[in-house]
Amino acid sequence: MKNNYKEMKTFLILWSTQSLSQLGSAMTSFALTLWLYEKTGSALQTAFLSICSYTPYVLMSIFAGALSDRWDKKRTMLVCDTLAACCSVLVLILLKTNSLLPIHMYVMNAVSGLMNTVQQPASEVTMTLITPKEQYQRTSGLRSFSNSLVTILHPMFATSLYAIVGMDGVIGVDLATFVVAFAALAAGVHIPSLETQRLDESRETVLSSAKAGLSYLRRNGLILWLILFLAGVNFAASAFDAVLPPYVLSHENGGEAVLGIVMSCAGIATLMGSLAAIILPAPKNRIRVILLTMLFSLGTENFILAFTRTPIWWCIAQIIGWSVVPIMNTNLDVILRNTIPTEMQGRVYSCRNTMQFFTIPIGTFVGGFMVDKVCEPWMAQTNSGGLLAEIFGEGKGSGAALVMFILGIVGIAMCLIFGKILRKYEFVESTAKKCR
């Protein structure tokens, strides 16, 4: 046990402090969502917060990994975290001077998203470098565990602080957690260098490095199609994330406190799933686990939310839908870390990020647009007591319920289509290995 702790000590320091900082950032993001929805009442304008965060991430990720492979990992993470914290400080200043507008929030989120673009591949490679290979599944489960805690705690903490001390207090906590994480990374974490990296790679141009990542994915069809499948999952999930706040906030038995509880239930579910991911033995077929967990998640949560009107059922839907997500993430993480050479991970992960996450801003926009411009107006014109009103309810929020139903159908169809493609590639690759 002591040996396990000693070999994982660096990981545990970095993981715990970065998770704390993640909690602070998530609290600020949630509080800003509440603030903006209070000011505008628009699902689409609120969705633009996420769109502005993810757009630079998607556009620049393919180059960020190439830069990450060249740059010092610790220095990259420290600089990116500092600049993201500066954005929180600027938001606080604008709040104190009564000058904060939605456009300011969009710009700050875009800058924070750009910093995350560069920091994320550096962080992924760092976790590989400081983790023994035999501990990959355990550390991946621990990371899912901390993400679950953040998901549980940030809505409750943010809602409580926002009600008591306002945005000032939320941002203050965010900055305090940044200081702790910055100090731990700067003084308490040693990140080994990539000794296996060839000298000629250091002379690659950024464009050539990005092409190397794309070339690797083209040569590994199963990994490529797996990433594309998860891009589809992210589309449905991001549209869901855009729909959930207006769905809950607009119902008469909803509101900010209920939204916090409902979102915390997702965290409780992922916490349980993370514990399962740590305890469960390695499956024989990780691809099949990824497909089945996503089919279960997308095929249950959206329909339960679409057809119910009470907070207890919303909580149940979140628990059912999110409980299997950490199991999917753990299996995906192990596949990527075992398949992609360490010296290529920065470049491949950056290409993966662009391809897997480009659907998030699209899905977020589509979700907000469908609520504000299509389904809510349409449901408002339907006859009271009609079939649609009977199924999805009446008044504000019924259009969001209809969007949930559509997303459930899209999610199931996507899992079935990509399932056939992935099974085909899996068969081809297993046949090729036997021939060799």
Side-chain angles (χ1 to χ4, degrees), residues 17-57 78-117 119 150-183 241-242 244-246 248-250 254-264 361 364-365 368 372:
T17 54
Q18 289 291 314
S19 297
L20 183 64
S21 180
Q22 183 186 355
L23 174 61
S25 299
M27 287 169 58
T28 297
S29 178
F30 185 81
L32 287 173
T33 299
L34 294 178
W35 185 88
L36 186 57
Y37 193 78
E38 281 182 0
K39 298 293 182 182
T40 65
S42 169
L44 188 56
Q45 288 195 53
T46 305
F48 267 113
L49 288 174
S50 294
I51 293 171
C52 290
S53 292
Y54 272 100
T55 298
Y57 186 80
L78 290 172
V79 170
C80 290
D81 284 346
T82 300
L83 291 175
C86 289
C87 290
S88 295
V89 173
L90 286 174
V91 170
L92 181 59
I93 292 172
L94 290 169
L95 270 171
K96 299 296 287 185
T97 57
N98 294 318
S99 304
L100 185 62
L101 298 173
I103 186 62
H104 298 140
M105 298 166 68
Y106 299 150
V107 172
M108 299 300 175
N109 272 29
V111 174
S112 295
L114 183 60
M115 294 305 101
N116 189 41
T117 303
Q119 196 243 30
V150 170
T151 306
I152 294 170
L153 297 176
H154 86 264
M156 295 188 294
F157 286 176
T159 302
S160 300
L161 281 173
Y162 185 71
I164 298 170
V165 294
M167 280 296 306
D168 297 7
V170 178
I171 294 176
V173 171
D174 182 10
L175 294 175
T177 60
F178 156 75
V179 171
V180 172
F182 185 94
D241 289 341
L244 183 63
V248 175
L249 293 172
S250 60
E256 294 174 3
V258 173
L259 178 61
I261 294 170
V262 170
M263 292 186 67
S264 294
T364 303
F365 174 82
D372 277 1

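Count residues from 1 along the sequence. Side chains are part of it too, since the values below use all heavy atoms of this structure and drop only hydrogens, waters and symmetry mates.
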Pairwise salt bridge (charged side-chain N to carboxylate O under 4.0 Å, His left out) hits with a residue in residues 98-110, at least two apart: none
Donor-acceptor pairs under 3.5 Å, side chain of residues 163-170 to any protein atom, not counting sequence neighbours: which ones?
from : atom 1 : to  : atom 2 : distance (Å)
D168 : OD2    : K96 : NZ     : 3.0

Considering all heavy atoms, the nearest L49-N109 contact: O-ND2, 2.9 Å
Minimum-distance pair of heavy atoms, taken over all atoms of L23 and L153: CD1-CB, 4.0 Å
Side chain to side chain donor-acceptor pair (under 3.5 Å) partners for D174, two or more places apart: T28, S88
Results of ring pair (Phe, Tyr, Trp, His ring centres under 6.0 Å) for F178 - residues two or more places apart only: F182
Rounded distance (nearest 0.5 Å) linking atom NE2 of H154 with atom OG of S25: 11.0 Å
Qualifying residues under side-chain contact (heavy atoms from CB on, under 4.5 Å), relative to P361, sequence neighbours excluded: I51, Y54, T55, V58
Closest approach of L44 to D372 (non-hydrogen atoms, all atoms of both residues): N-OD2, 3.0 Å
Note, F30 side chain near M156 side chain (heavy atom, < 4.5 Å): no
S99 side chain to T97 backbone, donor-acceptor under 3.5 Å: yes
Side chain to side chain, L83 and V111, heavy atoms closer than 4.5 Å: no
Considering all heavy atoms, the nearest P56-G113 contact: CG-C, 4.2 Å
Y162, OH atom: more than 12 neighbouring heavy atoms under 6.0 Å: yes
All side chain to side chain donor-acceptor pair (under 3.5 Å) counterparts of E256, not counting sequence neighbours: none
Gap separating the CG atom of L114 from the OG atom of S53, nearest 0.5 angstrom: 11.0 Å
Nearest-0.5 Å distance, CE of residue M105 to CG of residue L95: 8.0 Å
